[in-house]
Amino acid sequence: MSEKPETPNVFDPFGMMKNMRDSNMENWAKAMTEFVNSDSFAAAQAESLNAMLATSTPFRKLLEETLSKSMQALKLPTTDDFVRLAERLTNIEMRLDDMDAKLDQCLESQH
Amino acid sequence: MTETMNSNSKTLTSPFEDVCRQWHQSAKNLEVFNELLTRDAKIAQTPKQVIWTLNKAKLYRYTPQVHEDQRHRIPLLLVFAIMNRPYVLDLRPGHSFVEYMVNKGYDVYLLDWGIPGPEDRDLKYDDYVLEYLPRVVRKLKSYTRSNEFSMLGWCLGALISTMYASLRPDDGLKNLILLTAPLDFSDKEAGGFTKWVNHPSFDPDRVVEAFGNVPGEMIDAGAKMLKPVENYVSNYINLWENIEDTSRVEAWHAMNTWVRDIIPMAGAGYRQLITEFYKENRLIEGTLELRGERVDLGRLRANLFNVIAESDHITPPCQSEGVMDLVGSQDKELFRVRGGHIGIMAGRGAEKSTWPQMDAWLGARSD
């Protein structure tokens with residue numbers, strides 16, 4: 001059995017508004033998707049990202065340096081100290097993992 | 001006389017009662033709406049245990065639900081992308097790929113790459129493919145006492161899995177399932193991401209220099225901007241319209257919880273992704289080297305099931321299809337699914353289309 005085509009109920013203003021919204025939304029979504037896939041959008045996005053980075057990076061670096069110097073003056077560990085510590089821990093973990101692998105090999109050879 | 005008065009008051013009050021009821025319902029719905037946007041759903045509920053860790057990475061084993069005799073012999077390792085949380089594979093009870101596969105008798109393992117910290121800013125694909133993944137595979141093999149295993153990679157996890165399968169073809173990988181794998185970037189017009197990052201003004205080095213690790217917010221905004229109206233408008237209108245439909249609301253809430261859980265991407269990995277893959281297409285060109293080893297797709301011999309989402313706007317189908325002619329696998333199949341990048345695995349139709357197909361393919365090759 002074929003389905004009857006949906007006809008908008010003219011006595012239901014909200015139904016008509018909903019249909020209008022849905023059809024407009026679909027067109028709007030399509031237009032926006034096309035826009036963000038365009039060369040002009042790619043160019044605008046890259047330029048605005050560059051502008052944002054050019055403006056914010058010096059401030060961020062200044063803030064990081066100031067914080068780092070303050071922490072050093074207070075004899076407190078800086079972010080870089082934590083980073084170095086974390087890297088060393090990861091190296092130790094890797095060595096432990098290597099030992100675990102060798103232990104597994106030994107156990108396997110005994111079976 | 002009294003009866004007439006009562007009936008009059010009824011007709012007078014009932015429209016007001018209706019308005020009040022609707023008002024009350026709207027207020028209640030608004031409260032639910034707000035809660036859904038601000039609170040996390042209970043997700044990743046399938047029982048599991050950690051069996052290996054390294055740095056932020058963890059390997060989970062899901063508790064088997066099927067008796068050992070009925071289980072598939074070959075374990076399955078799930079490898080998700082590095083810039084999202086992997087529990088989208090185990091979203092919520094009754095709608096979880098992990099739960100589905102565990103119930104089908106697979107011994108399922110999940111690699112969670114973890115959340116990179118400032119100390120991980122130098123992590124590259126070289127490290128993921130040749131440092132982390134081989135260790136995971138070693139642990140998996142020793143834990144399961146199986147020399148063979150299957151691997152399922154999704155999105156960038158599929159890229160990592162493909163490179164691993166090409167570089168270590170003798171490690172015991174029997175079956176490889178790729179989901180929406182971004183591998184072939186030869187079409188520079190395909191998809192928003194490709195266009196954006198190939199623009200001459202876009203410089204990934206500047207991003208990495210500024211942030212170290214690329215902020216999750218930036219990656220999230222980029223992904224959402226590919227379909228701005230759907231992600232920023234329709235998504236919430238649809239929720240509002242279905243707010244009294246419990247099953248839809250639960251599904252939306254779980255997915256939104258995952259979407260909101262954004263994580264940064266290691267800076268060096270991001271730079272490498274943009275430069276060596278998106279811009280220079282080195283994997284397909286055969287010029288990609290990881291730690292001095294050339295990645296030759298012809299050396300990939302595992303049975304291959306390549307799943308493509310037909311409406312994928314993040315990894316357009318053309319980025320996954322081309323690999324079929326380049327791999328050395330004898331047993332290979334390209335499977336197209338209707339749906340988007342995430343929807344094919346976590347959407348409402350996944351348990352009736354994608355999952356059973358993957359189970360059928362893998363099941364026939366897992367004993």
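Order of the sequence lines sets the chain letters (A, B, ...), proteins ahead of strands, with each chain counted from 1.
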Toward chain A, the part of B:P118 with a non-hydrogen atom under 4.5 Å: both
Determine the minimum heavy-atom distance between B:A210 and A:L53, stating which atoms define it. CB-CD2, 3.6 Å
Any chance CD of B:E68 has more than 12 other-residue heavy atoms, nucleotides or ligands included, within less than 6.0 Å? no
Are B:E209 and A:K61 ion-paired here, with the side-chain N under 4.0 Å from a carboxylate O? yes
Which bit of B:L54 is near chain A, if near means a heavy-atom gap under 4.5 Å: side chain, backbone, both or neither? both
Given heavy-atom pairs under 4.5 angstrom as the criterion, report whether the side chain, backbone, both or neither of B:V197 touches chain A. neither
Could you check if a side-chain atom of B:E230 sits within less than 4.5 angstrom of a side-chain atom of A:T33, using non-hydrogen atoms only? yes
Hey, is the main chain of A:N37 close enough, under 3.5 Å, to the side chain of B:W196 for a donor-acceptor pair? no
Side-chain H-bond candidate by donor/acceptor type, B:W52 with A:D97, under 3.5 Å: yes
Pick one of side chain, backbone, both or neither for A:F82, based on which atoms fall under 4.5 Å of a heavy atom in chain B. neither
Before you tell me yes or no, could you show the steps for A:V36 and B:K195 under side-chain contact (heavy atoms from CB on, under 4.5 Å), namely the whole-Å CA-CA distance, both residues' side-chain angles and the distance that decides it to 0.1 Å? CA-CA 9 Å; A:V36 297; B:K195 244 185 176 163; over 6 Å; no
Where on B:Y132 is there a heavy atom nearer than 4.5 Å to chain A: the side chain, the backbone, both, or neither? side chain
Greatest number of heavy atom pairs closer than 4.5 Å to chain B - which of A:D39, A:T79, A:T57: A:D39
Between atom CE of B:M225 and atom CZ of A:F41, what is the distance when rounded to the nearest 0.5 Å? 3.5 Å
Can you confirm whether more than 12 heavy atoms, excluding those of B:K58, are under 6.0 Å from its NZ atom? no
B:R135 and A:D98, any side-chain heavy atoms less than 4.5 Å apart: yes
Chain B contact via A:Q45 - side chain, backbone, both or neither, heavy atoms under 4.5 Å: side chain
Does B:K224 have more than 12 heavy atoms from other residues, nucleotides or ligands lying within 6.0 Å of its NZ? yes
Engaged part of B:K56 at the chain A interface, taking heavy atoms whose separation is under 4.5 Å: neither
For the CG atom of B:N55 and the CE atom of A:M94, what is their distance to the nearest 0.5 Å? 7.0 Å
Using a 4.5 angstrom heavy-atom cutoff, name the option from B:R145, B:M218, B:E131 with the most pairs to chain A. B:E131
Within a strict 4.5 Å, meaning less than it, do heavy atoms of the A:M25 and B:I237 side chains meet? yes
Approximate separation, where rounding is to 0.5 Å, of A:L49 CG and B:R206 CZ: 8.0 Å
Of the listed residues (A:M32, A:E47, A:R60), which shares the most heavy-atom pairs with chain B below a 4.5 Å separation? A:R60
Cut-off 4.5 Å, heavy atoms of chain B, and the answer for A:A54 is both
Among B:S201, B:S142, B:G192, which has the most heavy-atom pairs under 4.5 Å with chain A? B:S201
Would you say that more than 12 heavy atoms from the other residues, nucleotides or ligands in this model lie under 6.0 Å from the NZ of A:K69, or not? no
Between B:R138 and A:D104, is there a side-chain N and carboxylate O pair less than 4.0 Å apart? yes
Proximity breakdown for A:T90 and chain B, heavy-atom pairs closer than 4.5 Å: both
Please step through side-chain contact (heavy atoms from CB on, under 4.5 Å) for the pair B:F202 and A:N50, ending with a clear verdict. CA-CA 8 Å; B:F202 181 78; A:N50 286 342; over 6 Å; no
Can you establish whether the number of heavy atoms outside B:R73 located under 6.0 Å from its atom CZ is more than 12? yes
By a 4.5 Å heavy-atom criterion (distance strictly below it), what part of B:T194 contacts chain A: side chain, backbone, both, or neither? neither
